[in-house]
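Please read the structure below before turning to the comments.
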2 protein chains.
Amino acid sequence: MARIRHKSLDCSPGCAVEATLQLIDGKWKGVILYHLLEGTLRFNEIRRRLPNITQRMLTAQLRELEQDGFVLRTVYAEVPPKVEYSLTARGRTLEPVIMALKKWGDENTGFRRDPESSADLDEPAADCPVSCVQAGG
Amino acid sequence: MARIRHKSLDCSPGCAVEATLQLIDGKWKGVILYHLLEGTLRFNEIRRRLPNITQRMLTAQLRELEQDGFVLRTVYAEVPPKVEYSLTARGRTLEPVIMALKKWGDENTGFRRDPESSADLDEPAADCPVSCVQAGG
DNA sequence: CTGGATCCTGTGGGATACTG
DNA sequence: CAGTATCCCACAGGATCCAG
C-alpha cells in the first residue's frame, strides 16, 4: 500500500474512502492531479498554475504522486534542465474522483463557472476570477 | 459555507477541486460522512465504527462537519445523554463524491507496485491490507 | 530550468483526565 | 453517554539559499 504518510487506516467499510483521501490529500495533490489531466506539464508550467506553491512543496508533492504511481517523471538530459510530468495509466483512474470533486466544488463552493455549462467540467478554464477565494461564510 | 480553515485557495481552475478537498480532509471527515450516509447515528455508534478515533477528534470532526452544514446534531434532553448525528440535505450532495472516493478505493486499495510497470492496473485488490472489518450496516 | 538542503512554524491530532 | 480541557509532539508545509 502507499506508504502510510499518516497513521494506519481504520478498517471500517469506509476504509476505502479514507485510503483514497490519503492519496490526494496534502494541500496540493488534488489540484496537481487535476492539472495533469490536461496533459503533460513541465515543472514550471505546473508552478505557474499554482502561484502559491513553493518549489519545495511542488517537488515534494510531485514526488509523492510519483511514488504512488500516479505521475510519471521524465527527465531530459539537456543543457537547460527539462523535466516533464504526466499521468500514468493508474493516475488516470483517478479522473472520475477528481472530476467528482471538481463538480461538487463548482456546484457548491460558489466559485462560479458558467452555471449554464456546468455540465462540461472536463474543460478546465484557463483562468480564475480574482475573488475566487471564498471569504468566509 | 465553510470558513477557510487552511490558507487561501489557489485560484487555478482546479480551485474547486481543492476547495472540496478542504471540506472533507482531516483524517476522519470522509469516513464519518460515509457512515452517516447509512443514516442517523449516535455519538458512540460512530465511535464504534471508527475504533481508532478519540472522542476528542470525533467531537472536533463532527463539529467541523456541522459548521460546514453537512451534518445535523440533535440533542435529546434525557437522563442518559443522547445525541444523534445525521446528514443535512447539503451533506447528501456529497454522496457522489464520497462514493467516487470509495469506488476508487475499493478497486485500488492495497496497491503500490513499481511505478515503472504501473501500466497494468487490471489487478484490483478488493481488500484492505489490514483486517478490514466489515461493520455491516 | 529544476530541485536539493536547511531552518522554522503552525497546527493537526494523539493521550489522558475530568464533568454533567 | 456525550463532551470539554490540557498537555504534547510529530510533521505538513513555508521561506531561503545553494547547486547542477
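Values below: every heavy atom of this structure, side chains too, minus hydrogens, waters and symmetry copies.
Nucleic acid contact class of B/Y85 (heavy atoms, under 4.0 Å, all strands): sugar-phosphate only. A/R56 comes within 4.0 angstrom of a base, heavy atoms only. When heavy atoms are screened at a 4.0 angstrom cut-off, A/R73 is found touching the sugar-phosphate backbone but no base atom.
Ion pairing between a basic and an acidic side chain is recognised when a charged N comes within 4.0 Å of a carboxylate O; A/K103 and A/E107 show such pairing. Contact check on B/R48 versus B/E45 returns no salt bridge, with no Lys/Arg side-chain nitrogen under 4.0 Å from an Asp/Glu carboxylate oxygen.
Set against C/dC1, D/dT4, C/dG4, the side chain of A/Q55 has C/dG4 as its closest nucleotide. When each of D/dG14, C/dG13, D/dG3 is scored by its nearest atom to the side-chain atoms of A/W28, the top-ranked nucleotide is D/dG14. The A/N44 side chain lies nearest to C/dC1 when the options are C/dG13, D/dA2, C/dC1.
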Salt bridge (Lys or Arg N to Asp or Glu O under 4.0 Å) between A/K27 and B/E18, worked out = CA-CA 7 Å; A/K27 241 188 105 181; B/E18 196 181 325; 5.1 Å; no
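Judged by closest nucleotide on DNA chain C, A/R42 is the one of B/Q61 and A/R42 placed further toward the 5' end. For the pair A/P81 and A/M57, both in contact range of DNA chain D, the more 5′-proximal nearest nucleotide belongs to A/M57.
Taking atom CG on B/L62 and atom C1' on C/dG12, their separation rounds to 17 Å, with Å as the unit. Summarising the geometry, the separation between CG on B/L58 and P on C/dG14 is reported as 11 Å, rounded to the nearest angstrom. The interatomic distance linking A/D25 (CG) with C/dG12 (C1') rounds to 12 Å, in whole Å.
With contacts defined as side-chain heavy-atom distances shorter than 4.5 Å, the pair A/I53/A/I46 does not qualify.
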